[in-house]
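Data first, discussion second: the structure below is written as structure tokens.
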Amino acid sequence: MKKRYLSVSLCLLAIGFSFGQQVTFEEYDLDNGLHVILHQDNATPIVVTSISYHVGAKDENPERTGFAHFFEHLLFEGTKNIGRGEWDKIVSSKGGTNNATTNDDRTYYYEVFPSNALETGLWLESERLLHPVIEQVGVDTQNEVVKEEKRLRVDNQPYGNLLSEIKKNLFKVHPYRWSTIGSMEHLDAATLEEFQAFNKKFYVPNNATLIIAGDFEPKATKKMIQAYFGPIPKGEVFKKDFPKEEPITEEFKATAYDTNIQIPAIVACYRTPSFKTRDARVLDMISTYLSDGNSSKLYKKLVDDKKMALAVQAVNLSQEDYGIYALFALPLGETTLDALVKEFDEEIKKLQTELISENDHQKLLNQFENQFVNANATLEGIASSLANYHVLYGDTDLINTEIELYRSITREEIMEVAQKYLGSNQRLLMEYLPKNNSENQ
């Protein structure tokens, strides 16, 4: 089964925005707390069935990291009515595809079917929710799958542990401090009862949102949703209360090593607010201004003009509770990491003390308008956006209105937010070095 894991190489991260044309939808709750969102689009005979669970890596026991990602795999193992190894066969027999993703804040499962197979999608997701079989053979099987995934996408990937190293240094108490894929030692040590308890707590209707997008008849679909999901018992209500980080008031440094690289990297990292805030959207604009495209400020300066860097990127990696704003670069030739930091600081200083030009501001607005027009071009994208806006932002209609927030961001706000969050005393400076460099330390 093809599974996707969020890339942990910061230089490969791209900021995505869930903009699109006006998206109509209906939402309601079942008695057991399951939230339902329906988006009807009869243009093509395709339908997406998906469920987003409000559980991610941050919900794990610090001594049992990796559970949420592990369940992304484990809940394909089978149910009381679906045998082991049968899930993909059922989906493909109906002409469909399926996948799942996990991050620190949520877990998302989906199927894409011809519209005449909608009921199959509803049955599959209701089975996953009502009748999962959490047994040792499945745990053992998926344990090996996850280990291989970690070897492929993290341990043997150049810069593969970069984000993990940033997180463990930037977060001291909040559970964002560990990686989404977690610790293989923790998974090895976990008992079957611990996996069963995790499932019982988090994979319940009142912690889930069901999204149907595409070609369907609403009245008949609502009846099927009630029939398949209505009888599922409500889970125990729990409260999320994560430790709060103290503000960073003094620059601090860290060093990490990677056996898979030959070129060192420098990263300047700032802890920033939740993606639900207006300031986070301003930081999105700042990252676009600095490094999105060949004409962006940092790219043109460091890569094209001064020939100091092989690559440079500004990333606003926003999440539900906190964000990471990072400036990343790979040096070219004899350029030192300190020299790259100096260049970072010069560009940030300009943002903090000078308004960007009206032309650059208009260019930013045009870029975001373009993303608005082109995003949500597929039903899969719309379903995912509807899920994220409801589960993580608490406002499903942001799929239509968030673009207005970006349109309203002023040049003055860009300067103010750069001053507020991107001070040199508010950051982690991390050198990410080839492993053989450590032998001479």
Side-chain angles (χ1 to χ4, degrees), residues 23-55 71 75-76 78-82 86-87 90-91 93-100 106-134 199-238 379-380 382-392 394-397 399:
V23 176
T24 59
F25 61 90
E26 177 183 358
E27 56 186 335
Y28 63 96
D29 291 322
L30 299 187
D31 290 342
N32 57 15
L34 179 71
H35 192 73
V36 180
I37 304 175
L38 304 178
H39 165 67
Q40 185 181 14
D41 181 350
N42 302 120
T44 56
I46 296 171
V47 66
V48 178
T49 58
S50 62
I51 287 192
S52 182
Y53 294 93
H54 200 179
V55 55
F71 267 81
L75 292 183
F76 282 96
T79 73
K80 291 181 180 179
N81 297 307
I82 301 172
E86 293 299 312
W87 193 286
I90 293 170
V91 172
S93 72
K94 297 290 185 176
T97 60
N98 67 107
N99 213 326
R106 65 96 182 102
T107 304
Y108 183 69
Y109 299 87
Y110 67 94
E111 296 85 24
V112 184
F113 281 115
S115 53
N116 61 6
L118 168 61
E119 188 168 6
T120 300
L122 294 173
W123 171 68
L124 286 168
E125 291 300 340
S126 67
E127 275 291 303
R128 195 198 311 271
L129 190 53
L130 181 59
H131 295 131
V133 174
I134 312 297
N199 179 78
K200 183 178 180 180
K201 179 177 182 179
F202 291 109
Y203 299 86
V204 293
N206 44 303
N207 195 44
T209 296
L210 171 70
I211 305 93
I212 310 298
D215 181 27
F216 62 88
E217 197 286 311
K219 186 175 180 180
T221 299
K222 290 179 182 179
K223 287 183 178 179
M224 286 191 288
I225 290 171
Q226 180 61 40
Y228 282 109
F229 292 92
I232 302 174
K234 184 177 184 178
E236 182 178 344
V237 177
F238 57 89
L379 289 172
E380 298 100 302
I382 290 173
S384 178
S385 295
L386 289 169
N388 284 336
Y389 280 126
H390 171 71
V391 173
L392 301 179
D395 183 359
T396 315
D397 199 43
I399 195 171

Distance in Å, [X] [atom1] paired with [Y] [atom2], rounded so as to fall on 0.5 Å steps:
X	Y	atom1	atom2	result
Lys234	Leu34	NZ	CG	11.5 Å
Ile51	Tyr203	CD1	OH	12.0 Å
Leu210	Leu386	CG	CG	11.5 Å
Ile37	Ile212	CD1	CD1	10.5 Å
Lys219	Met224	NZ	CE	13.5 Å
Thr107	Phe202	OG1	CZ	10.0 Å

key: Pairs where residues 26-50 contributes a residue and the test ring pair (Phe, Tyr, Trp, His ring centres under 6.0 Å) is met, not counting sequence neighbours   = His35-His390
Compare every heavy atom of [Y] with every heavy atom of [X], then report the nearest pair and how far apart it is.
X	Y	answer
Leu379	Gly214	CD1-CA, 3.7 Å
Ala117	Lys94	CB-CB, 4.0 Å
Pro132	Asn199	CG-ND2, 3.7 Å
Gln226	Pro231	O-CD, 3.5 Å

Checking the side chain of [X] only, and the main-chain atoms of [Y] only, is there a donor and an acceptor separated by less than 3.5 Å?
X	Y	answer
Tyr109	Glu125	no
Asn206	Gly235	yes
Asn81	Glu127	no
Arg128	Leu75	yes

Check whether any side-chain heavy atom of [X] lies under 4.5 Å from a side-chain heavy atom of [Y], and answer yes or no.
X	Y	result
Phe229	Val36	no
Phe238	Asn207	yes
Glu111	Val47	no
Val91	Phe113	yes
Leu30	Pro205	no
Pro114	Pro45	no

Side chain to side chain contact (heavy atoms under 4.5 Å, CB included) evaluation trace for Phe25 with Ile399 = CA-CA 10 Å; Phe25 61 90; Ile399 195 171; 4.3 Å; yes
ask   = Just by distance, with hydrogens left out, do Thr396 and Glu27 show a side-chain donor and acceptor under 3.5 Å apart?
value = yes
ask   = Can you tell me if Tyr228 and Glu119 form a side-chain donor-acceptor pair at under 3.5 Å?
value = yes
request  = Over 60° means perpendicular and under 30° means parallel, so classify the ring planes of Phe76 and Trp87, tilted if in between.
outcome  = perpendicular
request  = Let me see the working for Ile82 and His131 under side chain to side chain contact (heavy atoms under 4.5 Å, CB included), right down to the final yes or no.
outcome  = CA-CA 9 Å; Ile82 301 172; His131 295 131; over 6 Å; no
Residues which pass side-chain contact (heavy atoms from CB on, under 4.5 Å) with Val112, listed by chain and number, not counting sequence neighbours = Ile46, Val48, Thr97, Tyr110, Glu380
key: Partners passing side-chain contact (heavy atoms from CB on, under 4.5 Å) against Leu130 (at least two apart in sequence or in another chain)   = Ile232, Pro233
